[in-house]
Peer 1: 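Here it is: the structure, laid out below.
Below, chain A is the first sequence line, B the second, and so on; all start at residue 1.
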There are 2 protein chains.
Amino acid sequence: MNPDFQKIKSYITNAIQMDEDVFGLALDYFVVKEIKKGDFLLKEGKVCHQIAYIEKGLFRTYFLKDGNEVNTCFCMEDSITLSHKSFVNRVASTEYIQAIEDAKVVTLSYDNLIKLYQLDYAWQSLSNVLTERECIRLSERINAMSFETAKEKYLHLLEKQPEIIQRVSIQHIASYIGVSRETVSRIRSKILL
Amino acid sequence: MNPDFQKIKSYITNAIQMDEDVFGLALDYFVVKEIKKGDFLLKEGKVCHQIAYIEKGLFRTYFLKDGNEVNTCFCMEDSITLSHKSFVNRVASTEYIQAIEDAKVVTLSYDNLIKLYQLDYAWQSLSNVLTERECIRLSERINAMSFETAKEKYLHLLEKQPEIIQRVSIQHIASYIGVSRETVSRIRSKILL
DNA sequence: GTAGTATTGTGACATATGTCAATTGATTCT
DNA sequence: AGAATCAATTGACATATGTCACAATACTAC
């Protein structure tokens, strides 16, 4: 088996119980892609045709509000990135997915995923588990982000996803937690005291 | 068939294609409950054992942050209310679900839902569709609530769910959009000018 | 290495929103 | 109906955060 598929295999079998041969059904469908920093996995207006398992690198998801970029998600190694709404409903995406570090992903197209659904129920089940997880992640993010001060939001992120703070520029973090970059800068300088 | 089940039947067959007899499998499992204004469908610390289809009435979901109630959701007629995280993972809920109007719901327990999953795949499929929808609703709420001003958030709610504004007290709306009730009061008085 | 560009930090000030207090208005209960 | 409780409004003021301008630092490309 392509050694690139070892990590996504662990990821999947970690989420649900899946037999070796059932996983094998997907081998011909996986496509490995290298993405350069700054390049896009998805742009507004395009339908999201693939899910991408991130083997290496870091992506941000953002949308445009009054011409300004608003970050909604950072995805790094051993996670999956896609525009959920666009992928599931087969509609044009309202968001962008951009690599902010050089990246390597294993992709699976919508059409092939549907084929896998029909070949074995475990693949359907995997989708369900991942969707449930996404749901819970989103509701936690709402609670964290809607009812906390700028400082609380920063500290919350620092606690929950310290690696993001390390690897992502301050302006992207500011946009992610919904405050100005100056405010994040001031919060950060106070914390260090 | 119990006339109380007519509405939930429409709701389900609207979400997915489901045969008459497959729907019939659930008839013995549905339990109709009347809930008085102020009473709880779920409290913090309890596991959410049921999903509730709302035939009549209005519920709010909230959690406690530093002793203050923070509203996260309002659910009314022809929708479903539950604590997703608690129901799916069988863990203690961190949130409360309270009727803020006299209500009538049709409930289905977790155990019975699992039985239905095994009796016919359509029930599993229904769950998946509803979870997908919830995901999309949550991400829209994040975008609306995290990156808008108090006024924008109020107007957004007014546009998307005008009935909420009519039926829910101003303090609950304020908590829902994450601003003080005085601020909502001032926004409202300006809009009317 | 140097020039140029992009990113971050800091101060001054403006503004939105929160907090507190008092008043008015609406519900509920007996 | 009247008392009592609860909800909403309004004003004064405090505070958090945004905006703008500029300096300092860190990257990037030649």
Peer 1: Across nucleotides 25-30 of chain C, 5' to 3', mark each nucleotide with B, S or - according to how protein heavy atoms within less than 4.0 Å reach it.
Peer 2: ---S--
Peer 1: Would a line drawn from the ring center of B/Y11 to the ring center of B/Y53 be shorter than 6.0 Å?
Peer 2: yes
Peer 1: Tell me, please, the opening and closing nucleotides of DNA chain D, 5' to 3', among those with an atom under 4.0 angstrom from a non-hydrogen atom of chain B.
Peer 2: D/dA7 to D/dA12
Peer 1: Rounding to an integer number of Å, can you tell me how far B/I170 CD1 sits from C/dT24 C1'?
Peer 2: 14 Å
Peer 1: Could you state the atom-to-atom distance from CD of A/E182 to P of C/dT8 in whole Å?
Peer 2: 11 Å
Peer 1: Among residues 152-168 of chain A, which residues get a heavy atom nearer than 4.0 Å to DNA chain D?
Peer 2: none
Peer 1: Between B/R137 and B/E134, is there a salt bridge with N-O shorter than 4.0 Å?
Peer 2: yes
Peer 1: Salt bridge between B/E152 and A/K65, side-chain N to carboxylate O under 4.0 Å?
Peer 2: yes
Peer 1: So is A/R141 actually on top of A/Y176's ring, under 6.0 Å and inside 45° of the axis?
Peer 2: yes
Peer 1: Check every strand shown and say whether A/S180 touches a base, only sugar-phosphate, or nothing at a heavy-atom separation below 4.0 Å.
Peer 2: base
Peer 1: Under 3.5 Å, is there a donor-acceptor pair between the A/Y121 and B/Q124 side chains?
Peer 2: yes
Peer 1: Can you name the side chain to side chain donor-acceptor pair (under 3.5 Å) partners of B/Q171, sequence neighbours left out?
Peer 2: none
Peer 1: Would you call B/K9 and B/E20 a salt bridge, using N to O less than 4.0 angstrom?
Peer 2: yes
Peer 1: For DNA chain D, whose closest nucleotide is more 5', that of B/S169 or that of B/R186?
Peer 2: B/S169
Peer 1: Which residue, A/R60, A/Q98, A/H172, forms the side chain to side chain donor-acceptor pair (under 3.5 Å) with A/N71?
Peer 2: A/R60
Peer 1: Quick one: are the ring centres of A/Y96 and A/F63 less than 6.0 Å apart?
Peer 2: no
Peer 1: Is there a salt bridge (charged side-chain N to carboxylate O under 4.0 Å, His left out) between A/E95 and A/K85 once you walk through the steps?
Peer 2: CA-CA 10 Å; A/E95 53 195 9; A/K85 189 174 180 178; over 6 Å; no
Peer 1: How bent is the helix from C/dG1-D/dC30 to C/dT30-D/dA1, measuring the angle between the end axes built from five pairs each, rounded to 10°?
Peer 2: 60°
Peer 1: Hey, which sits more toward the 5' end of DNA chain D by its nearest nucleotide, A/T149 or A/R181?
Peer 2: A/T149
Peer 1: Is there a continuous path of hydrophobic side-chain contacts, each under 4.5 Å between heavy atoms, that joins B/Y110 to B/V106?
Peer 2: yes
Peer 1: Would you mind checking if B/D4 and B/K104 are paired as a salt bridge, meaning a charged N to carboxylate O distance below 4.0 Å?
Peer 2: yes
Peer 1: Show me the pairs that pass side-chain hydrogen bond (donor to acceptor under 3.5 Å, both in side chains) and involve residues 154-164 of chain B, at least two apart or across chains.
Peer 2: B/Y154-B/R188, B/E163-B/R167
Peer 1: Rounded to whole Å, please give me the gap between CD in B/Q171 and C1' in C/dT19.
Peer 2: 16 Å
